[in-house]
Amino acid sequence: MWIHCRNDLNDICSLGWKWVAQKYIERPLLVYGTKIDLRQHFLITDWCPLTIWFYKHSFIRFSSQPFTLERLDTAIHVCNNSIQRKLKNAPNRHPNLPEENMWHSDEFKEYLCTIGKEQVWDSIIIPGMKKALIQTSKATQEDVMYKKNSFDLFGADFLFGENFQPWLLEINLKPDIIKDTSVMEKLVPPMVEDIVRVVIDYKDDPNCDLGGFELIYKQVSASQEKETLILMNV
């Protein structure tokens with residue numbers, strides 16, 4: 001996967017047609033002067049009827065360099081861990097930034113409390129991400145080739161604006177869950193256990209403990225317009 005930041009239309013058009021163009025968010029949410037994004041995992045256990053499960057824990061990824069629009073360097077603007085893990089952290093970064101360039105969502109919520117914005121997690125960020133995942137999954141439902149009694153794990157990447165509004169960047173099928181940081185060591189093992197609860201235990205006992213997963217969307221019938229929304233305020 002190649003990601004480039006460009007600010008010249010002629011330059012963009014010269015790249016050819018095998019590219020997806022997205023408008024850049026010029027005023028992203030910064031943490032200690034550094035750009036971040038969030039990886040959110042979710043499960044789809046059936047595409048017909050569409051059934052979506054949202055994982056309550058996620059992780060924040062940091063750029064290794066302070067944010068600026070004066071340079072369009074990938075190291076500054078792309079927080080993907082596969083890119084940032086190969087780079088050295090800038091010596092002038094804020095001392096509160098993690099050396100591994102990753103936070104558990106609990107750490108991010110603690111940060112929001114320190115800036116007096118603890119309410120935005122439940123009032124803006126979580127509802128916005130759920131809505132985006134539901135609408136995107138519905139839009140692709142008819143084009144997905146699937147097998148009954150199977151499931152898919154996805155990793156959705158979100159960027160935030162200064163107003164904390166989440167913007168969906170991309171959705172990855174079978175995302176990387178390698179435990180190569182302390183955050184992934186904490187997040188991945190319980191998530192895998194919870195996937196088993198949803199995929200296996202839930203079939204025999206709908207009241208079983210689902211761990212960190214929450215059912216956010218259950219379609220009554222894919223052939224009908226009528227549907228049931230588990231998520232509130234969508």
Side-chain angles (χ1 to χ4, degrees), residues 1-5 24-42 55-122 124-126 129 153-172 174-195 211-212:
M1 177 182 65
W2 294 92
I3 301 174
H4 298 278
C5 297
Y24 194 85
I25 297 177
E26 296 92 346
R27 300 175 65 182
L29 176 66
L30 303 180
V31 174
Y32 299 122
T34 302
K35 188 178 178 182
I36 64 167
D37 69 14
L38 179 146
R39 166 63 59 86
Q40 176 64 54
H41 293 102
F42 68 102
Y55 199 58
K56 69 178 181 180
H57 300 299
S58 53
F59 60 91
I60 298 291
R61 303 179 298 193
F62 292 82
S63 167
S64 57
Q65 313 297 315
F67 181 77
T68 177
L69 289 175
E70 298 300 317
R71 295 167 52 211
L72 298 182
D73 192 333
T74 301
I76 298 171
H77 300 281
V78 180
C79 301
N80 193 302
N81 193 42
S82 64
I83 294 174
Q84 294 296 335
R85 65 160 64 106
K86 301 173 184 177
L87 304 172
K88 291 184 178 181
N89 293 336
N92 59 333
R93 292 204 325 164
H94 195 284
N96 289 349
L97 289 169
E99 188 67 25
E100 295 178 318
N101 290 322
M102 193 176 288
W103 268 353
H104 190 280
S105 53
D106 289 342
E107 295 175 283
F108 182 53
K109 288 188 282 185
E110 291 174 3
Y111 168 78
L112 292 175
C113 289
T114 66
I115 62 173
K117 296 293 183 179
E118 60 272 17
Q119 76 283 355
V120 303
W121 181 258
D122 291 322
I124 300 176
I125 294 175
I126 291 296
M129 292 196 297
L153 175 67
F154 296 90
D157 294 339
F158 287 91
L159 180 67
F160 304 104
E162 285 185 332
N163 59 356
F164 302 97
Q165 180 66 41
W167 293 90
L168 178 61
L169 297 175
E170 64 177 2
I171 295 178
N172 302 274
K174 296 178 177 61
D176 180 4
I177 53 173
I178 296 175
K179 295 178 290 182
D180 58 350
T181 68
S182 60
V183 173
M184 296 300 282
E185 286 278 1
K186 177 180 178 181
L187 187 143
V188 171
M191 182 179 71
V192 172
E193 291 183 10
D194 294 343
I195 290 174

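With a 4.5 Å cut-off on side-chain heavy atoms, Pro166 and Ile126 do not count as touching. Within the 4.5 Å cutoff, the side chain of His77 has heavy atoms near those of the Phe67 side chain. Residues Pro28 and Leu30 are in side-chain contact: their nearest non-hydrogen atoms beyond the backbone lie under 4.5 Å apart. Side-chain contact between Arg39 and Leu187: absent, with no pair of heavy atoms (C-beta onward) separated by less than 4.5 Å. You'll find the side chain of Asp106 reaches within 4.5 Å of the side chain of Lys186, heavy atoms only. Ser105 places none of its side-chain heavy atoms less than 4.5 Å from the side chain of Tyr55.
Contact detail for His104 and His57: the closest heavy-atom pair is CE1-ND1, 3.5 Å. Nearest approach of Lys35 to Ile76, heavy atoms of both residues: CB-O, 4.0 Å. Nearest heavy atom pair, residue Cys79 against residue Ser63, reads SG-N, 3.9 Å. When all heavy atoms of Ser58 and Leu38 are compared, the pair lying nearest together is OG-CD1, 3.6 Å. The two atoms that bring Ser64 and Asn89 nearest to each other are CB-OD1, 3.3 Å, heavy atoms only. Closest approach of Ile171 and Ala156 over heavy atoms only: CG1-CB, 4.0 Å.
The number of heavy-atom neighbours closer than 6.0 Å to NZ of Lys109, taken from other residues, nucleotides and ligands shown, is above 12. The local environment of CZ in Arg71 is sparse, with at most 12 non-hydrogen atoms from other residues, nucleotides or ligands closer than 6.0 Å. Surrounding CD of Glu99 are at most 12 heavy atoms belonging to other residues, nucleotides or ligands under 6.0 Å away.
Between Leu29 atom CG and Phe158 atom CZ the span is 14.5 Å, to the nearest 0.5 Å. Atoms NE2 and NZ, from His41 and Lys56 in turn, are 16.0 Å apart once rounded to the nearest 0.5 Å. Here the CG-OG1 distance, from Asn80 to Thr74, works out to 10.5 Å after rounding to the nearest 0.5 Å. Rounding to the nearest 0.5 Å gives a distance of 7.5 Å between CG of Leu97 and OH of Tyr32. Taking CG of Leu153 as the start and CD1 of Ile177 as the end, the distance is 6.5 Å to the nearest 0.5 Å. Between atom CD of residue Glu110 and atom CH2 of residue Trp121 there is a gap of 12.0 Å, rounded to the nearest 0.5 Å.
By the salt bridge (Lys or Arg N to Asp or Glu O under 4.0 Å) test, Glu118 is found to be paired with no residue, residues two or more places apart in sequence or in another chain being considered. Among residues two or more places apart in sequence or in another chain, the side-chain contact (heavy atoms from CB on, under 4.5 Å) test is passed with Thr181 by Glu100, Met102, Val183, Met184. Scored by the side-chain contact (heavy atoms from CB on, under 4.5 Å) test, Ile25 finds Leu159, Trp167 as partners (sequence neighbours excluded).
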Item to complete: For Val31 and Trp103, run side-chain contact (heavy atoms from CB on, under 4.5 Å): C-alpha distance rounded to whole Å, both residues' side-chain angles, the deciding distance at 0.1 Å, then the answer.
Response: CA-CA 11 Å; Val31 174; Trp103 268 353; 3.8 Å; yes
Worksheet item: Between Glu26 and Leu69, does a side-chain contact (heavy atoms from CB on, under 4.5 Å) hold up when you go through it step by step?
Response: CA-CA 8 Å; Glu26 296 92 346; Leu69 289 175; 4.2 Å; yes
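Between Asp176 and Arg61 no salt bridge is recorded (no basic side-chain N to carboxylate O distance below 4.0 Å).
Side chain of Asp37 to backbone of Asp157: no donor-acceptor contact under 3.5 angstrom is found. For the pair Gln84 (side chain) and Ala75 (backbone), a donor-acceptor distance under 3.5 Å is present. Under the 3.5 Å distance criterion, the side-chain polar atoms of Arg93 are matched with a main-chain donor or acceptor of Pro98. Not one N or O on the side chain of Gln65 forms a donor-acceptor pair closer than 3.5 Å with the backbone of Thr34.
Using a 30° and 60° split on the angle between ring planes, Phe108 and Tyr111 fall in the parallel class, below 30°.
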